[in-house]
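Here's the structure, in structure tokens; my notes come after.
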There are 2 protein chains.
Amino acid sequence: MVTQINGSVVKAFDILKLFDEDRNEVTTTDVATELDLNFVTAHRFLRTLEHVGALVAVAKGRYRLSYVFVDLGDRVTGGDLLGQTLQPLLNAITADLQEAAMATVFQSDMVVCIARAVSRRQLSVDIRVGSRLEAYCTAHGKTWLAFMSERQRAHYLDTVERLRFTRNTVVERATLERQIAEVRELGHAFNDSEREDGIRAVAVPILARGGRMIAGLSVFGPASRMTDEITQLALARLQHAARDAGGLLYGQIAAPSA
Amino acid sequence: MVTQINGSVVKAFDILKLFDEDRNEVTTTDVATELDLNFVTAHRFLRTLEHVGALVAVAKGRYRLSYVFVDLGDRVTGGDLLGQTLQPLLNAITADLQEAAMATVFQSDMVVCIARAVSRRQLSVDIRVGSRLEAYCTAHGKTWLAFMSERQRAHYLDTVERLRFTRNTVVERATLERQIAEVRELGHAFNDSEREDGIRAVAVPILARGGRMIAGLSVFGPASRMTDEITQLALARLQHAARDAGGLLYGQIAAPSA
DNA sequence: ATAGATATTTCAAATATAGCAATATATATC
DNA sequence: GATATATATTGCTATATTTGAAATATCTAT
């Protein structure tokens, strides 16, 4: 027999899970009917969640999530949990493929490296933790642009100065928007010498269960080594790593969906 | 007698509250000693929190918060909860002082209006929900700059093009940094014709319990009406409103500290 | 290999919880 | 304003769940 699980706590979190993107308020009647609880029991659980600061009563019998979850969420994302969590995954990919791998977040309209792995034969990779890259001409960047809100993306494209780094750099907005839509469709992005001549990359998103992009993962290297075959292999490894990341960030009880 | 509160749920949230900025991992022994629980009981609660997806085991007997709290936090901040929550507070301030009031968030290096109240005599206030303002020359903006992370602020000051809108616009970085430090010290910011001639404003931050700035609140109007006396009165009303906002966002069980 | 610390499971006593019933309050209708 | 209905809240108690001692298993340090 396994460890005894506390039923009350399970019910409390079942209530919290009723809140979703389309539902920011929940009533006692909702809880009783959807969780198959006695009305009085539902009432008592809601009052308990209010008591501990998890819910706020907006009217009698109607509740919404408290801002305390923003604080708890900040505790999860503060510090370097994400970089530390993803580093072993990057190490494994680089050990496997002998090409550099990187994890990024999107901050102040730039792609920022939060973890990287470099193989022994790559002594002069120019990326380090903290490095910032433009979004419009990188595989990471196109992934971020694909999965951010439309409003944030429109603002980015309205304001970014799109320099042409190489002959391959896409600067026309319409072309960019088509490429970004394709990345969203495929779930990954490629880069072939857009930011730096002779460098190819493939990137995938790590998505939160709520749909928001948490981080990007990529493999990159010289075009001479990043053949179509290696690139496809790298893509498969990155997709697998993104799923593993979900397990590490959320725990293993529910397989994250890509 | 009041509503029966479920002790198990209270204990579970007591465990979640052990995590703070300086502590992203908690052990079974920690929980047992700090919450005065039997070791077996602590063990069972931690396993239950892991079971519901709230915690992730990083090793045997050691846990951290799951990414599920980022999702719950996103549900709190998604939609327009903040704007809707703050609107009645702004309405009350404007009814009281007969000057315009505004709430903002900071997004993509700009101050963005999420709610505003305008009195009857102000038929031509140029600000509406969604309006974006520069940070370096507005009361709101200086409040945001004062309470954001040092790294984010340095990046903002490194990259923003500081146009001189009026004779009063401060564009020298050293002067700006001194002013921002003073705002952090005082807990509020003033603006006197920096962004637009003849317009004065006073702004305060709304801070999350974790310390992060959630929103800014301000009162603004023509210098001819925004006398020093009215400005001080506005400041007091804004500070009171910021405290009320805490009560609305977190629930009334703990008075928020400004 | 051994000692000590920590984690996990079994079992039963203790107690907190769940739900019925009653009462209070709110809302809709006339 | 009166009435009916729906929802919220409280009192009470039977019982289901939780708690903690004891035993066992596993891990870590020496």
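Letters A, B, ... mirror the listed sequences (proteins, then strands); counts begin at 1.
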Exercise for the section: Name all residues meeting the ring-ring contact (aromatic ring centres under 6.0 Å, His included) criterion together with A:Y67; count only those two or more places apart in sequence or in a different chain, and write none if there are none. Expected result: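 Expected list: B:Y250.
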Handout entry: Pairs touching residues 24-37 of chain B that satisfy salt bridge (Lys or Arg N to Asp or Glu O under 4.0 Å), sequence neighbours left out
Key = B:R23-B:D30, B:R23-B:E34, B:E25-B:R62
Practice task
Rounded to the nearest angstrom, tell me the gap between atom CZ in A:F39 and atom C1' in D:dT9.
Solution key: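 Atom-to-atom, A:F39 to D:dT9, this comes out as 9 Å.
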Exercise for the section: Report the distance from atom CG of A:L46 to atom C1' of D:dT9, rounded to the nearest whole Å. Expected result: 13 Å
Exercise for the section: Determine which pairs satisfy side chain to side chain donor-acceptor pair (under 3.5 Å) with at least one residue from residues 84-93 of chain A, sequence neighbours left out, and list them in order. Expected result: A:Q87-A:N91
Give me, pair by pair, the N or O atoms of the protein and of nucleotides 27-30 of chain D that are less than 3.5 Å apart, along with how far apart they are.
none

Problem - Qualifying ring pair (Phe, Tyr, Trp, His ring centres under 6.0 Å) pairs with a residue from residues 6-29 of chain B, counting only residues at least two apart or across chains - result: A:F13-B:F13
Is there a side-chain contact between [X] and [Y], using heavy atoms and a 4.5 Å cut-off?
| X | Y | value |
| --- | --- | --- |
| B:L217 | B:V204 | yes |
| B:L65 | A:L72 | yes |
| A:V70 | B:I214 | no |

Exercise for the section: Would you tell me if any nitrogen or oxygen in the side chain of B:H43 comes within less than 4.0 Å of OP1 or OP2 on C:dT8? Expected result: yes
Write down the protein N/O and nucleotide N/O pairs, taken from nucleotides 12-19 of chain C, whose separation is under 3.5 Å; answer none if there are no such pairs.
from, atom 1, to, atom 2, distance (Å)
C:dT17, OP1, B:N6, OD1, 3.1
C:dT17, OP1, B:G7, N, 2.6
C:dT17, OP1, B:S8, N, 3.4
C:dA18, OP1, A:K11, NZ, 3.3
C:dA18, N7, B:Q4, NE2, 3.3
C:dA18, N6, B:Q4, OE1, 3.2
C:dG19, OP2, A:T41, OG1, 2.8
C:dG19, N7, A:R44, NH1, 3.1
C:dG19, O6, A:R44, NH2, 2.6

Practice task
Determine, for A:E99 against A:R225, whether the closest basic-nitrogen to carboxylate-oxygen distance falls under 4.0 angstrom.
Solution key: yes
Exercise for the section: Determine the contact category for B:T28: base if any of its heavy atoms lies under 4.0 Å from a base atom, sugar-phosphate if only primed atoms, P, OP1 or OP2 are that close, otherwise nothing. Expected result: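 Since only primed, P, OP1 and OP2 atoms lie under 4.0 Å of B:T28, the category is sugar-phosphate.
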